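Worksheet: the structure to be examined is printed underneath.
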Amino acid sequence: MTQVVIVKTRFAPSPTGSLHLGGARTALFNWLFARSKNGEFVLRIEDTDKERSKPEYVEEIIESLKWLGLDWDGEPYFQSQKTALYQEKIETLLSEDKAYRCYCTKEVLDTKRSEMMKAGEKPMYDRTCRDLEGQESSRPHVVRFKTPLTGAASFVDTLRGVVEVGNDELDDLIIRRTDGSVTYNLVVVVDDAEMGITSVIRGDDHIANTPKQVNLYKGLGYEPPEFTHVSMILGKDKKRLSKRHGAESLLEYRDEGYLPAALVNMLARLGWGYGDQELFTREELVEKFTLSKITMSPAVFDKEKLDWLNAQHIKTMDNNELARLALPFVQKRHPHATQEDAEKLIPLLKERSRTLVEMAEGMDFYFTREIRYEQKAEKKFLTEKGLKPLERVMELIENCSDLDTETLDREFRKLAENLGLKLKEIAQPVRVALTGKTVSPGVFEMINVLGRRESLNRLKAASDIMRSIESTVK
RNA sequence: GGCCCUAUCGUCUAGUGGUUCAGGACACCGCCCUCUCACGGCGGCGGCAGGGGUUCGAAUCCCCUUAGGGCUACCA
């Protein structure tokens, strides 16, 4: 009988803040590994810190993961609901003499620690209560795990190989607080083991915790899983990413008009590579992802590269889908905009927008009734000299049988030639007339979506201005 | 302080002892394309942190230094 080992990974955030880029990448790697192996990926909320855990953060984390498209198997698991299990494990450790009650107060511990620091010693618990006779459960106490006094704790990291730390470096860690609540190191071990997690993929800030946890695995009679520690994500100043670096929460990127596909691509390429390939779809990532290709060194997050990636994904995305994602951004500027409007305008903007915000801005011309001319644009292009050509353009649009871009292109060129002008000499004034700006989508495309009536209205308005200049001059 | 982790262009990375005076991408700078802005195409700038070993041969292996990061909580 062959035993098939199914891969099972987990993302285990503590709901003490928003999901940030580092956490999102950890989640992504766990998700990718599970999906690439046809395994399971579960979401576990580590809410054992009652003080700092907040339900709204749980909501935000879930919303972020959904936005990225990282779906988990089953229901989210909350550690706060599994206290009985943890208490049972602690009682077992106690009864097996693998843990003990410690009656030292926090104050005593704190002063001892600072004294040790002052004396230049290792600030460790002095194990006063480790071998105390007669353990009273009625007195206030914490429960500490009996870390072996000799030997070493080691584990295999997928990327780094064997990591070993002498047990003399390790403290007797607290596994249950005075108030009876349980602590992180105990709980992760129990859960990872009980849930059957085969591969723990987490931030390398946990690498120093792992040896302690390995001792716990042994003490509880569990087999440790495979560990993979992923590096941190840094800001431009090479410091750990924080508010100072701009967007901290993943949802801020959503609100700035980035595509989930682009964020996933970005996060994957930050600390992982597949030859020279830069652009990946989610499916390709699942297909090509391997743990061994993860980089161990910390990576600096470069927003300019995200911009580029976002533009690339915008360019290749299906128009309808893109319109759906862009619509909220358009409606923020123009509340009456519809899905149809967005779909009509997408082709004009998808080649020239880096974000959905830029895309929505680029659509302004379509929704604006009264064109407000930029001063520089007006002065340069709405001139007396430009009046005649503009009038000819109006005639052209009036008489043009079909306002598709090919016809317009052909007719505009013909007109330019007849007038002895370059195409740009008529295209620029028309652009200003239609948008008030010198930068916009192509004029033929704009005329096409605006339609004959509206295009003529705008050209008429511009020509009136040009005429008034003419009369002032005279 | 102690312990642990990391180190290729400004940034993300390819590279796992020899077809590499180190390849790609972003950014930047030229040129081309062009109705503007973009897109795109072509080209350029730019790197193995430093020092010792090992080896016929080192970006690749080992050691030291330096730099950055983490842990050292009744946080996770």
Side-chain angles (χ1 to χ4, degrees), chain A residues 12-16 46-49 51-53 102 104-106 109-110 113 116-117 119-124 141-144 157 159-160 163-166 168-171 173-179 181-185 187-188 203-212 229 231-232 234 236 238-240 266 269-279 292-293 295-309 311-312 315 349-354 358 362 377 381 409 412-413 416 422-432 435 437-444:
Chain A
S14 67
T16 53
E46 309 220 320
D47 52 355
T48 50
D49 182 347
E51 295 289 308
R52 298 194 304 147
S53 296
C102 168
C104 300
T105 62
K106 191 167 190 333
L109 257 22
D110 284 345
R113 189 172 12 252
M116 279 190 268
M117 296 253 264
E121 292 170 42
K122 275 184 245 177
M124 281 177 69
H141 64 275
V142 300
V143 175
R144 286 182 185 269
D157 180 279
L159 274 14
R160 283 160 262 258
V163 178
E164 190 179 75
V165 178
D168 56 341
E169 296 291 338
L170 271 22
D171 230 327
L173 56 254
I174 292 170
I175 54 179
R176 186 168 74 195
R177 304 185 184 95
T178 310
D179 67 1
S181 63
V182 288
T183 62
Y184 168 73
N185 279 303
V187 171
V188 249
D204 72 2
D205 49 337
H206 283 296
I207 198 157
N209 282 324
T210 310
K212 306 175 200 171
H229 290 97
S231 68
M232 306 271 94
L234 275 25
K236 253 206 143 72
K238 305 223 176 194
K239 295 273 189 272
R240 213 167 152 163
M266 180 72 187
R269 278 292 287 114
L270 252 194
W272 178 82
Y274 188 83
D276 285 341
Q277 189 171 348
E278 296 288 346
L279 266 19
S292 61
K293 289 287 187 182
T295 321
M296 294 181 279
S297 54
V300 174
F301 181 77
D302 181 8
K303 193 142 183 220
E304 284 173 332
K305 187 144 186 177
L306 208 214
D307 281 335
W308 177 78
L309 276 172
Q312 298 300 318
K315 240 189 299 187
L349 272 319
K350 75 185 294 193
E351 293 281 338
R352 37 169 50 83
S353 308
R354 289 183 304 177
E358 277 186 17
F381 294 108
D409 188 292
F412 264 70
R413 281 176 203 284
K422 288 181 177 156
L423 180 57
K424 66 155 105 183
E425 291 176 277
I426 50 180
Q428 275 304 77
V430 171
R431 183 188 317 285
V432 174
T435 68
K437 299 183 170 111
T438 51
V439 174
S440 80
V443 296
F444 309 140

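In what follows, every heavy atom counts, from backbone to side chain, and hydrogens, waters and symmetry copies are set aside. All of these numbers come straight from a predicted model, not from anything done at the bench. Chain identifiers are assigned alphabetically (A, B, ...) following the order of the sequence lines, protein sequences preceding nucleic acid strands; residue numbering begins at 1 within each chain.
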If we count only N and O atoms by modelled type, under 3.5 Å, do the side chains of A/T16 and A/S14 hold a donor and an acceptor together? yes
For the residue pair A/T183 / A/N185, report whether a side-chain donor-acceptor contact shorter than 3.5 Å exists. no
Return the pairing partner of [N] with a 3.5 Å limit on both distances, Watson-Crick or G-U wobble; otherwise return none.
N: B/U34; result: none
N: B/U54; result: none
N: B/U19; result: none
N: B/G1; result: B/U72
N: B/A7; result: B/U66

Under 4.0 Å, counting only non-hydrogen atoms across every strand here, what does [X] touch: a base, just sugar-phosphate, or nothing?
X: A/P123; result: base
X: A/S231; result: nothing
X: A/K106; result: base
X: A/H229; result: nothing
X: A/K293; result: sugar-phosphate
X: A/Q312; result: sugar-phosphate
X: A/R354; result: nothing
X: A/G271; result: sugar-phosphate
X: A/V300; result: sugar-phosphate
X: A/F412; result: nothing
X: A/D409; result: nothing
X: A/E278; result: base
X: A/P441; result: base

Can you tell me, in whole Å, how much space there is between the [atom1] of [N] and that of [M]?
N: B/C37; M: B/G44; atom1: P; value: 25 Å
N: B/C26; M: B/U60; atom1: C1'; value: 26 Å
N: B/C48; M: B/G23; atom1: P; value: 13 Å
N: B/U19; M: B/U72; atom1: P; value: 45 Å
N: B/A14; M: B/G2; atom1: C1'; value: 37 Å
N: B/U55; M: B/U65; atom1: C1'; value: 23 Å
N: B/A7; M: B/A49; atom1: C1'; value: 7 Å
N: B/G24; M: B/C63; atom1: P; value: 33 Å

Per the atom types in the model, does the base of [N] pair as donor or acceptor with the side chain of [X] at under 3.5 Å?
X: A/D204; N: B/G70; result: no
X: A/D302; N: B/A27; result: no
X: A/T178; N: B/C74; result: yes
X: A/R431; N: B/C35; result: yes
X: A/E121; N: B/G2; result: no
X: A/K305; N: B/A27; result: no
X: A/R352; N: B/C39; result: no

Is any side-chain N or O of [X] closer than 4.0 Å to OP1 or OP2 of [N]?
X: A/R413; N: B/C35; answer: yes
X: A/K212; N: B/A76; answer: no
X: A/Q277; N: B/G23; answer: no
X: A/S181; N: B/C74; answer: no
X: A/R113; N: B/A73; answer: yes
X: A/K315; N: B/G40; answer: yes

In this structure, how many angstroms lie between the [atom2] atom of [N] and the [atom1] atom of [X], rounded?
X: A/D205; N: B/G68; atom1: CG; atom2: C1'; value: 15 Å
X: A/D276; N: B/G15; atom1: CG; atom2: P; value: 9 Å
X: A/L234; N: B/C5; atom1: CG; atom2: P; value: 19 Å
X: A/M232; N: B/C12; atom1: CE; atom2: P; value: 15 Å
X: A/W272; N: B/A25; atom1: CH2; atom2: P; value: 17 Å
X: A/L306; N: B/U13; atom1: CG; atom2: P; value: 14 Å
X: A/F301; N: B/A27; atom1: CZ; atom2: P; value: 14 Å
X: A/D168; N: B/C71; atom1: CG; atom2: P; value: 21 Å

Could you walk me through whether A/H141 and A/R176 pass the side-chain contact (heavy atoms from CB on, under 4.5 Å) check? CA-CA 9 Å; A/H141 64 275; A/R176 186 168 74 195; 3.7 Å; yes
Can you tell which of [options] lies closest to the side chain of [X]?
X: A/I174; options: B/C35, B/A73, B/G70; result: B/A73
X: A/V439; options: B/U6, B/C35, B/C37; result: B/C37
X: A/I207; options: B/C37, B/C5, B/C35; result: B/C5
X: A/T295; options: B/A14, B/C3, B/G70; result: B/A14

Map A/N209 and A/V443 onto RNA chain B by nearest heavy atom, then report which one ends up closer to the 5' terminus. A/V443
Would you mind telling me which residue lines up with the more 5' stretch of RNA chain B, A/V163 or A/T16, judged by nearest nucleotide? A/V163
Look at atom NZ of A/K424 and say whether more than 12 heavy atoms of other residues, nucleotides or ligands are closer to it than 6.0 Å. no
More than 12 heavy atoms of other groups within 6.0 Å of A/R144 CZ: yes
Salt bridge A/R160-A/D157, side-chain N to carboxylate O under 4.0 Å: yes
Charged N-O contact under 4.0 Å between A/D409 and A/R413: yes
Distance-minimising heavy-atom pair for A/M232 and A/G203: CE-CA, 4.1 Å
A/R352 side chain reached by A/V439 side chain, heavy atoms, under 4.5 Å: no
Using a 4.5 Å cut-off on heavy atoms from C-beta on, say whether the side chain of A/V187 contacts that of A/E46. no
Is B/C39 in the syn or the anti form, by the rule that syn lies within 90° of 0? syn
